[in-house]
Amino acid sequence: MVAVRVIPCLDVDEGRVVKGVRFADLRDAGDPVELARVYGESGADELTFLDVTASSGDRETVHDVVRASAEQVFIPLTVGGGVRSVDDVDRLLRDGADKISVNTSAVVDPQLISDISRHFGNQVLVLSLDARRTRETTTPSGFEVTVRGGREGTGRCAIDWIREAADRGVGEILLNSIDADGTREGFDLELIAAARQAVGVPLIASGGAGKVEHFAPAVRAGADALLAASVFHFGTLTIAEVKDALRAEGFDVR
């Protein structure tokens, strides 16, 4: 079994790390460059950097913050937010990113996934999916794709979308549960299991982590990696505590 990865997420708005509940009521969580350095020294397996208002604000990712963060860490850095073209990907990779995350732009134009995969290989491409629960009469799976930082529903089935994205060449899926985000009540295991059944590409579970006991069930449900933000940013948990808990449950960690 491949080692389970533990990944802090830096949600950035106007150059500061922020965190809210269900993508709303954002509060300041610190300087992204300093947090990147701390997590790099604390045993994080990767870092995910998401400019959470780039798409809704119709602007580019903050490149200077990406460059400065990349200089502070020696672990893989995934960057997303406002990526709309192959040229955007090329620039972020030159800034120091190792992987690029696409979300809204890929929903609007799925060909973007195919183009990026063809130019750079699927190992650099992550689909970030913000999913929320809906009635099964609306979507077959009961989960809907949202865009623009979770601000707009699409009526599209989340599970159908990740199947298409995998077919088009994404190398990994970052599965964000809007319903669980920031609640600290545990990952959405039903969403993870449905995604795992649908695709074989690696899954990163995101949304809902509140205590160490929440992480192992997400791996059992099908997650290959576990992403969290507020519990790390505000000192509720450490990377080491999460990894120790996973080891105690019999999982291999780095």
Side-chain angles (χ1 to χ4, degrees), residues 1-12 16-19 28-52 65-80 92-93 95-101 123-124 126 128 171-177 180-182 184-187 189 192 201-254:
M1 180 179 178
V2 177
V4 177
R5 291 167 289 151
V6 178
I7 306 173
C9 182
L10 307 180
D11 292 328
V12 177
R16 297 289 294 178
V17 176
V18 295
K19 191 60 190 150
D28 189 277
D31 175 67
V33 179
E34 175 61 18
L35 283 171
R37 183 189 63 78
V38 170
Y39 288 136
E41 295 174 350
S42 300
D45 297 305
E46 299 181 13
L47 281 175
T48 293
F49 177 109
L50 299 177
D51 192 327
V52 295
V65 176
V66 174
R67 287 191 294 271
S69 298
E71 291 173 356
Q72 295 292 322
V73 297
F74 301 96
I75 54 178
L77 175 64
T78 299
V79 178
L92 286 168
L93 292 175
D95 285 338
D98 299 283
K99 294 187 279 189
I100 304 301
S101 169
Q123 75 280 357
V124 306
V126 179
S128 181
E172 200 163 28
I173 293 170
L174 172 54
L175 196 60
N176 308 306
S177 170
D181 178 73
R184 302 194 183 193
E185 296 176 356
F187 292 94
L189 304 182
I192 297 167
V201 299
L203 293 176
I204 306 169
S206 171
K211 49 188 178 181
V212 292
E213 292 83 1
H214 289 155
F215 289 82
V219 180
R220 294 193 187 97
D224 300 280
L226 304 161
L227 182 145
S230 59
V231 291
F232 295 142
H233 299 338
F234 301 121
T236 305
L237 300 175
T238 66
I239 304 292
E241 287 171 339
V242 171
K243 289 190 172 185
D244 286 345
L246 289 169
R247 287 191 190 97
E249 292 289 334
F251 295 109
D252 184 22
V253 296
R254 297 176 182 176

Identify the heavy atoms of [X] and [Y] that sit nearest to each other, and give their distance.
| X | Y | answer |
| --- | --- | --- |
| Ala245 | Val212 | CB-CB, 3.8 Å |
| Val33 | Val65 | CG2-O, 4.3 Å |
| Gly186 | Ala180 | O-CB, 3.8 Å |
| Asp45 | Pro76 | O-CD, 3.5 Å |
| Ile7 | Ala225 | CD1-CB, 3.9 Å |
| Val242 | Leu237 | CG2-CD1, 4.2 Å |

Check your understanding: Does Glu41 come within less than 4.0 Å of Arg37, counting only side-chain N to carboxylate O?
Key ->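 Looking at Arg37 together with Glu41, the answer is yes, because their closest N to O distance falls below 4.0 Å.
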Side-chain donor or acceptor of [X] paired with backbone N/O of [Y] under 3.5 Å:
| X | Y | result |
| --- | --- | --- |
| Asp95 | Arg67 | no |
| His233 | Pro8 | no |
| Asp224 | Leu203 | yes |
| Asp181 | Gly207 | no |

Exercise for review: Can you label the angle between the Phe187 ring and the Phe215 ring as parallel, tilted or perpendicular, going by 30° and 60°?
Suggested key: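 Perpendicular: the ring planes of Phe187 and Phe215 meet at over 60°.
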Could you measure the distance from the [atom1] atom of [X] to the [atom2] atom of [Y]? Nearest 0.5 Å is fine.
| X | Y | atom1 | atom2 | value |
| --- | --- | --- | --- | --- |
| Ile173 | Ile192 | CD1 | CD1 | 12.5 Å |
| Leu35 | Gln72 | CG | CD | 11.0 Å |
| Thr238 | Tyr39 | OG1 | OH | 10.5 Å |
| Leu227 | Phe232 | CG | CZ | 8.5 Å |
| Leu77 | Ile100 | CG | CD1 | 8.0 Å |
| Arg5 | Ile204 | CZ | CD1 | 5.5 Å |

Check your understanding: Which pairs, with at least one residue in residues 212-221 and sequence neighbours excluded, count as a salt bridge (charged side-chain N to carboxylate O under 4.0 Å, His left out)?
Key ->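 Every pair satisfying salt bridge (charged side-chain N to carboxylate O under 4.0 Å, His left out) with a residue in residues 212-221: Arg220-Glu249.
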Check your understanding: Residues two or more places apart in sequence or in another chain: which of them pass side-chain contact (heavy atoms from CB on, under 4.5 Å) with Val253?
Key ->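 For Val253, the residues satisfying side-chain contact (heavy atoms from CB on, under 4.5 Å) (neighbours in sequence not counted) are Val4, Lys243, Leu246, Arg247.
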Point to revise | side-chain hydrogen bond (donor to acceptor under 3.5 Å, both in side chains) partner of Thr236, the single match among Lys211, Glu241, Arg184 | key: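 Of Lys211, Glu241, Arg184, side-chain hydrogen bond (donor to acceptor under 3.5 Å, both in side chains) with Thr236 is met by Arg184 alone.
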Review point. With Ser101, which of Leu50, Val124, Val79 fulfils side chain to side chain contact (heavy atoms under 4.5 Å, CB included)?
Key: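 Filter result, single survivor: Leu50.
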Check your understanding: Is any side-chain heavy atom of Ser69 less than 4.5 Å from a side-chain heavy atom of Val73?
Key ->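 A side-chain contact is absent here, since even the closest heavy-atom pair is not under 4.5 Å.
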